[in-house]
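Below, chains carry the letters A, B, ... as their sequence lines are ordered, and counting in each starts from 1. Since the structure is predicted, the reported quantities are computational estimates derived from the model, not experimental observations.
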There are 2 protein chains.
Amino acid sequence: MDSTSQPTPGKPVRGSKTGQPIMVIFDLLGRSWAMGIIWHLNNGPSTFRRLQKYCENISPTTLNTRIKELTKAKLIIRTVDGYTLTDHGLQLFKLIHPLGKWAKNWAKNYQDI
Amino acid sequence: MDSTSQPTPGKPVRGSKTGQPIMVIFDLLGRSWAMGIIWHLNNGPSTFRRLQKYCENISPTTLNTRIKELTKAKLIIRTVDGYTLTDHGLQLFKLIHPLGKWAKNWAKNYQDI
DNA sequence: TCCATACACTACAAATTATGTAGCAATACT
DNA sequence: AGTATTGCTACATAATTTGTAGTGTATGGA
């Protein structure tokens, strides 16, 4: 089945052997669409299909893998209304939220590539 | 040679077709070791080998690819002292900096996986 | 109840990325 | 000149992501 390695504090992660929390979170968030999912869920609970649609047709395989990882990491949880951010997840969202404004500014100053 | 797609505002990125800045930055930062590199460079300029060592022996291939991408994105730049954060890069670091503290707390509350 | 939808996934093969080892050219030092 | 270090590149293997198709389960009428 799915043998993706779950980034876990204290255990080696993709790239990092020490399992420092920051490296663990970098690994977790560094996987495809992880931040996008958290970003979207801030708008409220979402079903699998809606999430998939929002994430510009992310493949169901990847979405499902990401959901499992984020759930194990206790950043999201499944409720009757769909997937939702946990308290931890919400805190994390608040931390990455400023990236939105920064990214727009960065994009504006982005030239001649 | 290396045909990695550079995440660029306004252009489709890995996963996102609209090229919204936040999605672009998620793609860029979501690649292996990207955030780790920025994290480390906050400690001052670093040479290729030192960076490699710091990033727990990231493969030179990946490091080089990441360096090229981050340089094109104007987040880092090469100086006589080694690779350094640009102003944009420093701003970005400041935004992700709180993740360190958050991650430690998250890791503490992380159980029964 | 039977049929049609819609949802939440799973299977699986192909494409893209990352890793790890080896090594090369350029500079610095002795 | 000889040696060491740095900044990479080559290349084969491994891991991740994608895309398409399809399965099983609920829900909603007719």
Side-chain angles (χ1 to χ4, degrees), chain A residues 1-8 11-18 23-24 26-37 40-41 45-73 76-84, chain B residues 1-8 11-17 23-24 26-37 40-41 44-73 76-84:
Chain A
M1 187 144 303
D2 188 357
S3 65
T4 310
S5 62
Q6 172 75 13
T8 307
K11 291 186 190 174
V13 294
R14 190 179 53 157
S16 172
K17 281 145 198 126
T18 59
M23 291 305 168
V24 175
F26 281 168
D27 182 8
L28 190 60
L29 295 183
R31 299 180 179 197
S32 149
W33 276 108
M35 289 191 275
I37 290 170
H40 177 54
L41 286 184
S46 186
T47 62
F48 191 95
R49 295 258 164 152
R50 281 217 311 147
L51 208 40
Q52 199 180 354
K53 207 171 185 177
Y54 177 81
C55 293
E56 304 184 43
N57 296 316
I58 175 179
S59 82
T61 319
T62 307
L63 178 55
N64 191 36
T65 306
R66 234 28 21 102
I67 283 175
K68 280 180 186 160
E69 289 165 3
L70 293 174
T71 301
K72 275 196 176 176
I76 68 175
I77 196 170
R78 189 176 181 185
T79 69
V80 282
D81 296 325
Y83 297 101
T84 320
Chain B
M1 186 142 300
D2 188 357
S3 65
T4 310
S5 62
Q6 172 75 13
T8 307
K11 291 187 190 173
V13 295
R14 189 178 54 157
S16 172
K17 282 146 197 122
M23 290 306 167
V24 175
F26 281 169
D27 182 8
L28 190 60
L29 295 183
R31 298 178 180 198
S32 149
W33 276 108
M35 289 190 274
I37 290 169
H40 176 54
L41 286 185
S46 185
T47 62
F48 190 95
R49 294 258 164 154
R50 280 217 312 148
L51 208 41
Q52 198 180 354
K53 206 171 185 178
Y54 177 81
C55 293
E56 303 183 45
N57 296 316
I58 175 180
S59 82
T61 320
T62 307
L63 178 55
N64 191 37
T65 305
R66 231 37 9 109
I67 282 175
K68 279 180 187 161
E69 290 165 1
L70 294 174
T71 301
K72 275 197 177 178
I76 68 174
I77 195 171
R78 191 177 178 183
T79 69
V80 283
D81 296 327
Y83 297 100
T84 320

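dG7(D) atom P lies 13 Å from atom CD1 of Ile76(B), rounded to whole Å. Separating the CZ atom of Arg66(B) from the P atom of dC8(D) is a distance of 15 Å, rounded to the nearest angstrom. Counting to the nearest Å, the P atom of dA18(C) and the CE atom of Met35(B) are 13 Å from each other. When the C1' atom of dC8(D) is taken as reference, atom CD1 of Ile58(B) falls 13 Å away, rounded to whole Å. As a whole-Å value, the separation of Glu56(A) CD from dT17(D) P is 17 Å. Per the geometry, CG belonging to Asn64(B) stands 16 Å off P belonging to dT6(D), to the nearest Å. Atom-to-atom, CG of Leu63(B) to P of dC8(D) comes out at 9 Å; the value is rounded to the nearest Å. In this structure, the CZ atom of Phe48(B) is 17 Å from the P atom of dT5(D), given to the nearest Å.
When the side-chain nitrogen and oxygen atoms of Arg50(B) are compared with OP1 and OP2 of dT6(D), none of them lie within a distance under 4.0 Å. Taking only side-chain nitrogens and oxygens, Ser32(A) comes nearer than 4.0 Å to OP1 or OP2 of dT18(D).
The nucleotide whose nearest atom lies closest to any side-chain atom of Pro60(B) is, among dA22(C), dC7(C), dG19(D), dA22(C). Ranking dG19(D), dC8(D), dT19(C) by closeness to the Thr61(A) side chain, first place goes to dG19(D). The listed nucleotides are dT17(D), dG20(C), dA8(C); the one nearest the side chain of Arg49(A) is dA8(C). Nearest nucleotide to the Arg31(B) side chain, out of dG7(D), dA18(C), dG20(C): dA18(C).
Across all strands shown, Arg78(A) has heavy atoms under 4.0 Å from sugar-phosphate atoms exclusively, and none from any base. Nucleic acid contact for Thr62(B): base, since at least one base atom lies under 4.0 Å from a heavy atom of the residue.
Here the straight-line distance linking atom CD of Glu56(B) with atom OH of Tyr54(B) works out to 8.5 Å at 0.5 Å rounding. Here Leu51(A) contributes atom CG and Tyr83(A) contributes atom OH; the two are 8.5 Å apart, rounded to the nearest 0.5 Å. One finds the CD atom of Gln52(B) at 10.0 Å from the CG atom of Asn64(B) (value rounded to the nearest 0.5 Å).
The existence of a salt bridge linking Glu69(B) and Lys72(B) is excluded, since no basic side-chain nitrogen approaches an acidic carboxylate oxygen closer than 4.0 Å.
The environment of CD1 in Ile77(B) is sparse: at most 12 heavy-atom neighbours from other residues, nucleotides or ligands sit within 6.0 Å.
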